[in-house]
Amino acid sequence: MPVALCLRLLRQAARIHRAGLKSYGLLTAEPGAAGYPFTATGVVFLDSRKNRRNDPGHRAAFRAQGDYFRQFDDAGFVADPAELLAACRAIEDSGREIVAPFHSHRRQPANFSLIDYRLHNPAFAWHLIISLADPHRPVLQPFGVDKDPSDFGISDQDARQGSELAYTGPEVTPLALVAHGSRRDLRCLTATVRPATAPAGADRQARPPDPSDSAQPATHEPVPG
């Protein structure tokens, strides 16, 4: 993933988090991109204000997933169908393709939870979680997901408990996120996700700048955390 994209994800997700909302959307790439489909070169944030999670039918299904989802009505999301369709058409018209969904965790760590597994679209081989449980130390964590298409969805008849906990089955595997870009932006990314161990001179305010600095040599580094 380009480091500029990592910074954009963190910056916009943090802004939405400060507004008391959950981030979610689609990661995209050109079909010929190196590493496709396990790569991302663009992102589409869907409008968090249009989250249909608390529409009557969806709300009952989420509440059936355990106490956590009854306590927090911002736990979980359901994309607005019309907005999602428009976004998919715009992505297709641009010549790009969707490679993965992403969403933020407002209180939970960067795990791929039981409900994340249930609601993951099996058409996509991976999913990105952005944890903002500690807004000053955000985490970007991708997961590989190998899922049967029949294993999808939640219901108001589920009567589950603990659906916010990590899914531990073999179908989900943590992936390494490798960022590439200028050294300056990579230092900024490190300062954002690992402020206590950032290199001297890195930005410690966890406020990523607008990328990128083409004067700096490009490099590739695994993203800490």
Side-chain angles (χ1 to χ4, degrees), residues 1 5-6 9-10 13 17 22-29 33-46 48 51 53 58 61-72 74-79 84 88 97-134 137-155 157-179 193-194 221-225:
M1 186 181 295
L5 180 56
C6 293
L9 280 162
L10 291 171
H17 180 78
K22 188 181 189 73
S23 301
Y24 53 92
L26 306 167
L27 294 164
T28 66
Y36 182 91
F38 287 94
T39 189
T41 59
V43 61
V44 174
F45 275 82
L46 297 176
S48 300
N51 188 348
R53 184 262 195 225
H58 299 312
F62 276 97
R63 290 176 65 84
Q65 306 310 308
D67 292 339
Y68 181 80
F69 297 89
R70 290 186 283 274
Q71 181 180 1
F72 299 107
D74 63 347
F77 70 95
V78 176
L84 181 60
C88 290
E97 292 189 10
I98 302 166
V99 292
F102 75 91
H103 71 273
S104 68
H105 285 180
R106 289 181 43 77
R107 288 165 296 271
Q108 294 296 311
N111 63 7
F112 198 73
S113 67
L114 291 161
I115 194 170
D116 290 340
Y117 179 78
R118 295 289 299 173
L119 294 176
H120 174 77
N121 186 334
F124 302 111
W126 62 287
H127 196 123
L128 181 69
I129 301 295
I130 306 171
S131 174
L132 296 166
D134 180 353
R137 196 182 177 97
V139 180
L140 289 169
Q141 178 61 59
F143 292 89
V145 186
D146 183 10
K147 181 178 173 183
D148 189 287
S150 64
D151 191 9
F152 180 79
I154 59 175
S155 164
Q157 302 300 311
D158 284 340
R160 292 192 173 99
Q161 187 61 266
S163 294
E164 74 280 7
L165 302 176
Y167 183 87
T168 58
E171 298 86 354
V172 175
T173 306
L175 301 176
L177 176 60
V178 178
V193 299
R194 284 282 182 88
E221 292 185 8
V223 176

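FYI, side chains are in, hydrogens and waters are out, and symmetry mates aren't considered; it's all heavy atoms of this structure.
- Ring-plane geometry between Phe112 and His127 is classed as perpendicular, the angle between the planes exceeding 60 degrees on a 0 to 90 degree scale with a lower cut at 30.
- In this structure, Arg106 contributes its side chain and Lys22 its backbone to no donor-acceptor pair below 3.5 Å.
- When every heavy atom of Ala64 is checked against every heavy atom of Ser155, the shortest pair comes out as CB-O, 3.5 Å.
- Cys6 and Leu177 make their closest contact through SG-CD2, 4.3 Å (heavy atoms, listed as atom of the first residue, atom of the second, distance).
- Expressed to the nearest 0.5 Å, how far CD1 of Ile130 lies from CD of Gln141 amounts to 12.0 Å.
- Counting heavy atoms from C-beta on, the side chains of Leu9 and Leu27 come closer than 4.5 Å.
- Under the 3.5 Å distance criterion, the side-chain polar atoms of Arg70 are matched with a main-chain donor or acceptor of Arg63.
- Val193 has its side chain within reach of Leu10: a pair of non-hydrogen atoms, C-beta onward, lies under 4.5 Å apart.
- For the pair Arg160 and Phe69, the minimum side-chain heavy-atom distance is 4.5 Å or more.
- For the pair Lys147 and Phe152, the cation does not sit on the ring face, since its NZ or CZ is not both under 6.0 Å from the ring centre and inside 45° of the axis.
- The CG atom of Asn111 sits 7.5 Å away from atom CG of Leu165, with the distance rounded to the nearest 0.5 Å.
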Derivation of the side chain to side chain contact (heavy atoms under 4.5 Å, CB included) call for Leu140 and Leu128: CA-CA 7 Å; Leu140 289 169; Leu128 181 69; 4.2 Å; yes

Side chain to side chain contact (heavy atoms under 4.5 Å, CB included) assessment of Asp148 paired with Glu171: CA-CA 9 Å; Asp148 189 287; Glu171 298 86 354; over 6 Å; no

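- No side-chain heavy atom of Val139 sits under 4.5 Å from any side-chain heavy atom of Pro109.
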Stepwise side chain to side chain contact (heavy atoms under 4.5 Å, CB included) test for Leu46 and Phe77: CA-CA 11 Å; Leu46 297 176; Phe77 70 95; over 6 Å; no

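- Residues Asn51 and Tyr24 have side chains in contact (heavy-atom distance under 4.5 Å, counting atoms from C-beta outward).
- Judged by distance alone, the side chain of Ser23 and the main-chain N or O of Ser48 form no donor-acceptor pair under 3.5 Å.
- Ring geometry, His120 versus Phe124: the interplanar angle exceeds 60°, so the pair is classed perpendicular (tilted spans 30 to 60°).
- Looking at every heavy atom in both residues, Pro174 comes nearest to Phe143 through CA-CD2, 3.7 Å.
- For the atom pair Arg118 CZ and Ser163 OG, the distance stands at 9.0 Å (nearest 0.5 Å).
- If you take CZ on Arg53 and CG on Asp74, they are separated by 7.5 Å, rounding to the nearest 0.5 Å.
- The one candidate from Val99, Val43, Leu84 that meets the side chain to side chain contact (heavy atoms under 4.5 Å, CB included) condition with Leu26 is Leu84.
- Aromatic pair Phe62/Phe72: ring centres not closer than 6.0 Å.
- For the pair Gly42 and Leu5, the tightest heavy-atom approach, listed with the atom from each and the gap, is N-CD2, 3.7 Å.
- Between the side chain of Gln108 and the backbone N or O of Leu132, no donor-acceptor pair lies under 3.5 Å.
- With hydrogens and angles ignored, the 3.5 Å screen pairs no side-chain donor or acceptor of Arg107 with any backbone N or O of Ala133.
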Side chain to side chain contact (heavy atoms under 4.5 Å, CB included) evaluation trace for Asp146 with Thr173: CA-CA 9 Å; Asp146 183 10; Thr173 306; over 6 Å; no

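- Counting heavy atoms from C-beta on, the side chains of His103 and Ile129 come closer than 4.5 Å.
- Listed here is the closest heavy atom pair of Gln161 and Asp67: OE1-N, 2.9 Å.
- Heavy atoms only, all atoms of each residue included: Trp126 and Pro37 are closest at NE1-O, 2.9 Å.
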